[in-house]
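Input: a single structure, listed below in structure tokens.
Along the sequence shown, residues carry numbers from 1. Because only heavy atoms are used, hydrogens play no part in the values below, and waters and symmetry mates are left out as well, while side chains stay in.
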Amino acid sequence: MVKFLARRLLSIFISLVGATIFIFILTRLGPDPLTLYIGDAQVELSEEQIQLIKEQLGLDKNLPMQYLTWVWNLIQFDMGQSIGTLRPVSEIIRIHIAVTLILAAGAWLFAITVGISIGILAAVKRATFWDYVGRTFALMGQATPQFWSGVLAIFFFAVLLREWTGFDFFPTGGIGEYDGFPLHWGNAKYYILPCIVLGWPASASIMRLTRSSMLEILDSEFIKLARAKGVNPVTVIWKHGLRNAVIPPLTSALVLLADYLNGALVVEIIFSLPGIGTVALNQAVYDNDWPLLAGTVFVFLGIYVTFAFLADILYALIDPRIRYE
């Protein structure tokens, strides 16, 4: 296990180094960073002022030294200053990622809870009414695009429900009161519809994975032996069946959470949520804000490699048959 962890940490380090080189090269292939930073004011600045700005941005050095300086600043959690807002990139990411954290956590909990529960029910009750209900749920979830289900959710549960009952159960968008971390009991209702819309397609995929894995395990010889020996059916399903069938859903769930933490752009736009995905598109990409773009991409990369590492560790903890040495 120790050798495996060492190999994985080494591969993560190599991935991060390669990603930083790739990100840095991409930021330098576009327009001149100095031109983006100064803008139209370039014609009004003297050579001394331009040179001073280059020194502040680190653009007076050659490319290898610029890369090493940028990496050293990243190690110190200094991602530079946004060109559009003149605010530290780390502060912008910290503020907006709070919204994404709440949305991702809610959608992920919905996806794994509903997906695994319905998948187990459909496998245990195969070829029955509950199995057909579960498969219909999965089919609709995977076939329904989020931009359509999000609009329908707003129309039925936020607009029509308000007209029929006179009560404001679900808002049409926004995050409510925003004071630092954007979650209070009073505005939790702002996240219910976005979390369901974001988590529904993933719950359908997890349901199908759980059902197929459970069916394969329940038809295996050791499960038949346990039933023949009179083991409690609940123990057969939850201890012997689910534990051996949980690896494919676990892989999907961890990758899913990494995707959610990197921003659910469509859902954030539909429900007017200022998450990290919206910031990366509207402020970084559209405005050519290369410090903000580099910072958000690096954060996305860190999230992916972290959860991939956690998945490898959880495999060994859940299934003792897996050996890495």
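Val151 and Tyr191 end up in different hydrophobic clusters when Ile, Leu, Val, Met, Phe, Trp and Tyr side chains are linked at under 4.5 Å. Each of Tyr132 and Phe137 belongs to its own hydrophobic cluster when Ile, Leu, Val, Met, Phe, Trp and Tyr are linked at side-chain heavy-atom distances under 4.5 angstrom. Taken together through direct or relayed side-chain contacts under 4.5 Å among Ile, Leu, Val, Met, Phe, Trp and Tyr, Leu139 and Leu152 form parts of separate hydrophobic clusters. Follow the hydrophobic side-chain contacts under 4.5 Å out from Phe22 and you reach Val71 in the same cluster. Val124 is connected to Ile118 through a chain of hydrophobic side-chain contacts under 4.5 Å among Ile, Leu, Val, Met, Phe, Trp and Tyr, so both are in one cluster.
A distance of 10.0 Å separates OG of Ser149 from CE of Met140, quoted to the nearest 0.5 Å. Considering OG1 of Thr210 and CD1 of Ile116, their distance stands at 5.0 Å, rounded to 0.5 Å. Summarising the geometry, atom CD1 belonging to Ile93 is positioned 10.0 Å from atom OG belonging to Ser82; distances are rounded to the nearest 0.5 Å. Atom CH2 of Trp200 and atom OG1 of Thr144 lie 4.5 Å apart (nearest 0.5 Å). Rounding to the nearest 0.5 Å gives a distance of 11.0 Å between OG1 of Thr69 and CG of Leu74. Considering CD1 of Ile21 and CG of Leu16, their distance stands at 11.5 Å, rounded to 0.5 Å.
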- Decide yes or no on side-chain contact (heavy atoms from CB on, under 4.5 Å) for Val197 and Phe271, but give the supporting numbers first. CA-CA 10 Å; Val197 171; Phe271 290 93; 4.1 Å; yes
- Item | Audit row: Phe156, Leu161, side-chain contact (heavy atoms from CB on, under 4.5 Å) steps and yes/no | CA-CA 6 Å; Phe156 284 107; Leu161 192 61; over 6 Å; no
- Query: Given the rule in the side-chain contact (heavy atoms from CB on, under 4.5 Å) test, do Leu273 and Tyr190 qualify, once you have shown the distances and angles that lead to the verdict?
  - Reply: CA-CA 9 Å; Leu273 300 176; Tyr190 287 85; 5.7 Å; no
- Task: Check the pair Trp72 / Leu68 against side-chain contact (heavy atoms from CB on, under 4.5 Å), numbers first and verdict last.
- Result: CA-CA 6 Å; Trp72 175 249; Leu68 293 176; over 6 Å; no
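Of all heavy-atom pairs spanning Thr296 and Ile276, the tightest one is CG2-CD1, 4.1 Å. Shortest non-hydrogen contact noted between Ala158 and Pro171 is CB-O, 3.8 Å. For Cys195 against Phe110, the heavy-atom pair with the smallest separation is O-CD2, 4.5 Å. Closest approach of Val299 and Met79 over heavy atoms only: CG2-CE, 3.9 Å. The two residues Leu193 and Ala153 come nearest to each other via the heavy atoms CD1-O, 3.9 Å. Scanning all heavy atoms of the two residues, the minimum distance from Pro194 to Leu103 falls at CB-CD1, 3.6 Å.
Residue pairs satisfying the salt bridge (charged side-chain N to carboxylate O under 4.0 Å, His left out) criterion with at least one member in residues 144-162, sequence neighbours excluded, are listed as follows: Arg162-Asp168. A side-chain hydrogen bond (donor to acceptor under 3.5 Å, both in side chains) check over residues 104-115, counting only residues at least two apart or in different chains, returns nothing. Listed by first and then second residue, the salt bridge (charged side-chain N to carboxylate O under 4.0 Å, His left out) pairs that reach into residues 97-116 come to none, sequence neighbours excluded. Listed by first and then second residue, the salt bridge (charged side-chain N to carboxylate O under 4.0 Å, His left out) pairs that reach into residues 120-135 are Arg126-Asp219, Asp131-Arg135, Asp131-Arg211, sequence neighbours excluded.
Residues passing the side chain to side chain contact (heavy atoms under 4.5 Å, CB included) test with Asp78 are Asn73, sequence neighbours excluded. Under the side chain to side chain contact (heavy atoms under 4.5 Å, CB included) criterion, Ala138 pairs with Ala204, Met207, Arg208, sequence neighbours left out. With sequence neighbours left out, Ser205 forms a side chain to side chain donor-acceptor pair (under 3.5 Å) with Gln142. For Pro64, the side chain to side chain contact (heavy atoms under 4.5 Å, CB included) partners at least two apart in sequence or on another chain are Asn62. Residues forming a salt bridge (Lys or Arg N to Asp or Glu O under 4.0 Å) with Glu91 (at least two apart in sequence, or on another chain): Arg87. The side chain to side chain donor-acceptor pair (under 3.5 Å) check on Thr172 picks up nothing, with sequence neighbours excluded. Phe222 is linked by a side chain to side chain contact (heavy atoms under 4.5 Å, CB included) to Ile217, Ser220, His240, Asn244, counting only residues two or more places apart in sequence or in another chain.
Phe129 shares a hydrophobic cluster with Leu121, Trp130, Val133; the chain of contacts runs through ILVMFWY side chains whose heavy atoms sit under 4.5 Å apart.
Between Phe24 and Tyr67, the two ring planes are perpendicular [angle over 60°; tilted spans 30° to 60°].
The backbone N or O of Leu209 lies less than 3.5 Å from a partner atom in the side chain of Ser212, making a donor-acceptor pair. Remark: the backbone N or O of Val114 is not paired with any side-chain donor or acceptor of Ser203 at under 3.5 angstrom.
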